[in-house]
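Step one of this worksheet: look at the structure below.
Keep in mind that the numbers below use all heavy atoms, side chains included, and drop hydrogens, waters and symmetry copies. Residue numbers begin at 1 in each chain, while the letters A, B, ... track the order of the sequences.
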There are 2 protein chains.
Amino acid sequence: MPEAADGRAQTTSRREQLLAIAAEQFATKGYKFTTVRDIAEAAGILSGSLYHHFDSKESMVDEVLRTFQAELFGRYEAILASDADARTKLEQAVEVSFETIDRHPHEVAIFQNEAAHLGAFERFAYLAERNRESRAVWITLLEDGVRAGALRAELDVELTYRFIRDTVWVAVAWYRPGGRRSHTEVARQYLTILLDGIAAREES
Amino acid sequence: MPEAADGRAQTTSRREQLLAIAAEQFATKGYKFTTVRDIAEAAGILSGSLYHHFDSKESMVDEVLRTFQAELFGRYEAILASDADARTKLEQAVEVSFETIDRHPHEVAIFQNEAAHLGAFERFAYLAERNRESRAVWITLLEDGVRAGALRAELDVELTYRFIRDTVWVAVAWYRPGGRRSHTEVARQYLTILLDGIAAREES
DNA sequence: GTCTATACGGCGATAGAC
DNA sequence: GTCTATCGCCGTATAGAC
């Protein structure tokens with residue numbers, strides 16, 4: 001990652017490298033369990049040197065989460081704005097989510113594991129805001145689905161939203177990029193369960 | 001809780017009281033974020049006094065988790081051993097899980113949030129063992145369901161197990177005992193989604 | 001069974017040399 | 001941009017009086 005063979009833009013700045021290293025540590029050991037000395041060591045420098053690049057350990061998670069969320073929500077908005085039918089949009093939202101787990105597993109893990117704690121500080125108030133946005137996206141998708149007749153009418157939309165959100169994001173705990181199942185495959189299987197259930201259909 | 005009006009066993013020992021207080025703190029703030037001074041203060045004593053009852057902060061989580069797991073797995077075993085049909089057993093396992101969230105929300109939360117970190121230490125090796133046991137329970141239920149013709153034959157059992165486990169336990173993050181939906185109601189709704197899916201059935 | 005007092009270590013962060 | 005050195009704080013845990 002650090003070197004580009006040809007002369008083309010080697011855009012990964014030192015700052016971004018360090019953030020990527022920090023993100024990996026935060027994701028695997030947890031934010032609180034990761035010391036600035038851990039991050040520095042993984043980067044091959046000493047802890048004091050980190051403060052040339054960042055104000056504090058807190059600033060590091062902050063930047064990691066902000067960047068990640070901006071990208072993710074950009075993609076959700078694109079889906080909402082498209083003119084696909086309700087069921088397709090729902091499927092796309094699920095696919096984008098699993099793709100995000102595939103591409104940014106560390107960032108997703110940090111968000112999953114630390115958002116609750118961090119959200120308590122004013123600095124991280126945007127996390128709660130993003131949570132509300134996310135809920136709005138899924139609820140809209142589900143309600144549109146019901147209205148269009150694609151989803152069952154008696155659906156408890158609120159509960160369904162929670163189940164979807166939980167299952168999709170918690171998958172970061174076991175999904176391994178480059179593993180046996182691709183993110184596309186996982187999304188497809190998941191959608192089958194979600195849409196059609198696991199029970200055998202009785203022939204009528 | 002501390003007092004029993006009649007002469008009958010007032011079984012909540014001081015030890016159990018302290019453990020309950022610790023569990024609540026661990027669950028809401030996280031194990032690492034909870035200091036022994038926090039626990040002591042919540043109990044109305046000083047931190048040094050805690051060490052009259054327990055070796056260490058670690059011993060406290062340990063005891064909380066061990067007790068909880070023993071009870072939960074006892075219930076799973078009872079279901080497996082019963083002579084109900086495959087679909088009923090699966091439903092019962094889901095119901096027991098939500099009931100456990102209702103009765104022991106703190107313990108479930110601690111297990112959910114801390115098991116990954118704690119599992120690294122030999123002292124908590126049993127957490128990984130319980131995880132394997134849990135997987136065995138669900139996989140058995142699912143495979144029996146497929147064999148009995150109650151569940152779809154093409155089911156990816158491994159993936160389905162993960163989705164069930166994730167959704168059921170993560171519900172501890174939002175389920176509130178005594179709230180608007182009872183655990184029985186949540187379990188029922190969840191089973192509908194899981195078994196029959198959320199898509200409208202096309203009339204054949 | 002609880003308190004007072006305190007040890008010991010590791011953490012985040014800073015100042016200034018190179 | 002990194003290193004050396006170090007500060008101040010807060011965490012767990014201990015020893016012994018009451």
For this session: For DNA chain D, find the residues of residues 53-68 of chain B with a heavy-atom distance under 4.0 Å and give them by number; none if there aren't any.
Result: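 Nucleic-acid contacts, sorted: B/S56, B/K57.
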Could you state the interatomic distance from [atom1] ([X]) to [atom2] ([Y]), rounded to the nearest 0.5 Å?
| X | Y | atom1 | atom2 | answer |
| --- | --- | --- | --- | --- |
| A/Q112 | B/N113 | CD | CG | 10.5 Å |
| B/I164 | B/L194 | CD1 | CG | 4.5 Å |
| B/D196 | B/I193 | CG | CD1 | 10.5 Å |
| A/R165 | A/S97 | CZ | OG | 12.5 Å |

Practice problem: Please collect all ring pair (Phe, Tyr, Trp, His ring centres under 6.0 Å) contacts where either partner lies in residues 99-135 of chain B, sequence neighbours excluded, each pair once. | Solution: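 Residue pairs with at least one partner in residues 99-135 of chain B: A/F33-B/H117.
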Subject >> Pairs where residues 44-63 of chain B contributes a residue and the test ring pair (Phe, Tyr, Trp, His ring centres under 6.0 Å) is met, not counting sequence neighbours >> reply: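 Listed by first then second residue: nothing to list.
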| Heavy atom of residues 38-48 of chain B under 4.0 Å from DNA chain C: which residues? |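 Those residues whose heavy atoms fall under 4.0 Å from DNA chain C, taken from residues 38-48 of chain B in numerical order, are B/I45, B/L46.
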Check: Residues from residues 116-125 of chain B sitting under 4.0 Å of DNA chain C, heavy atoms only?
Finding: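 Per residue number, the list is empty: none.
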(message) By nearest heavy atom, map A/T35 and A/S49 onto DNA chain C; which one lands nearer the 5' end?
(response)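 Between the two, 5'-proximity favours A/T35.
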Next item on the list: List in chain and number order the residues that pass side chain to side chain donor-acceptor pair (under 3.5 Å) with A/T160, two or more places apart in sequence or in another chain; answer none if no residue qualifies.
Entry: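 With sequence neighbours excluded, A/T160 shows a side chain to side chain donor-acceptor pair (under 3.5 Å) to no residue whatsoever.
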Mind checking what makes side chain to side chain donor-acceptor pair (under 3.5 Å) contact with A/R132, not counting sequence neighbours?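 Here the qualifying residues are A/E129.
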Output every pair passing salt bridge (charged side-chain N to carboxylate O under 4.0 Å, His left out) with a member in residues 32-53 of chain A, not counting sequence neighbours, ordered by first then second residue.
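Non-adjacent pairs meeting salt bridge (charged side-chain N to carboxylate O under 4.0 Å, His left out): A/K29-A/D38.
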Say whether [X] and [Y], considering side chains only, have a donor N or O and an acceptor N or O under 3.5 Å apart.
| X | Y | value |
| --- | --- | --- |
| A/Y76 | A/S134 | no |
| A/D166 | B/W174 | yes |
| A/S59 | A/D62 | no |

Closer than 4.0 Å, any side-chain N/O of A/Y51 to the OP1 or OP2 of C/dT14?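 No, because none of the side-chain N or O atoms of A/Y51 sits under 4.0 Å from OP1 or OP2 of C/dT14.
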In degrees, rounded to 10°, what is the bend between the two ends of the helix from C/dG1-D/dC18 to C/dC18-D/dG1, using five pairs at each?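 Its terminal axes enclose an angle near 10°.
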* To do: Could you list where the contact with chain B starts and ends along DNA chain D, reading 5' to 3', using a 4.0 Å heavy-atom cut-off?
  =>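 The contact span of chain B on DNA chain D goes from D/dG11 to D/dT14.
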Let me check something: any side-chain donor-acceptor pairs from residues 142-155 of chain A under 3.5 Å, sequence neighbours excluded? List them with distances.
unit_1: A/D144; atom_1: OD1; unit_2: A/R147; atom_2: NH1; d: 3.3
unit_1: A/R152; atom_1: NE; unit_2: B/G197; atom_2: O; d: 3.1
unit_1: A/R152; atom_1: NH1; unit_2: A/E154; atom_2: OE1; d: 2.8
unit_1: A/R152; atom_1: NH2; unit_2: B/G197; atom_2: O; d: 2.6

**Message:** Ring of B/F26, cation from B/K57 - is the NZ or CZ under 6.0 Å from the centre and inside 45° of the axis?
**Reply:**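 Because its charged atom misses either the 6.0 Å distance or the 45° angle limit, B/K57 does not stack over B/F26.
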**Asked** Excluding sequence neighbours, so at least two apart, what forms ring-ring contact (aromatic ring centres under 6.0 Å, His included) with B/Y175?
**Response**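 By the ring-ring contact (aromatic ring centres under 6.0 Å, His included) rule, B/Y175 matches no residue at all.
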- Message: Mind checking if A/R14 touches a base, just sugar-phosphate, or nothing, with heavy atoms under 4.0 Å?
- Response: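 The answer is sugar-phosphate, as A/R14 gets under 4.0 Å only of primed atoms, P, OP1 or OP2.
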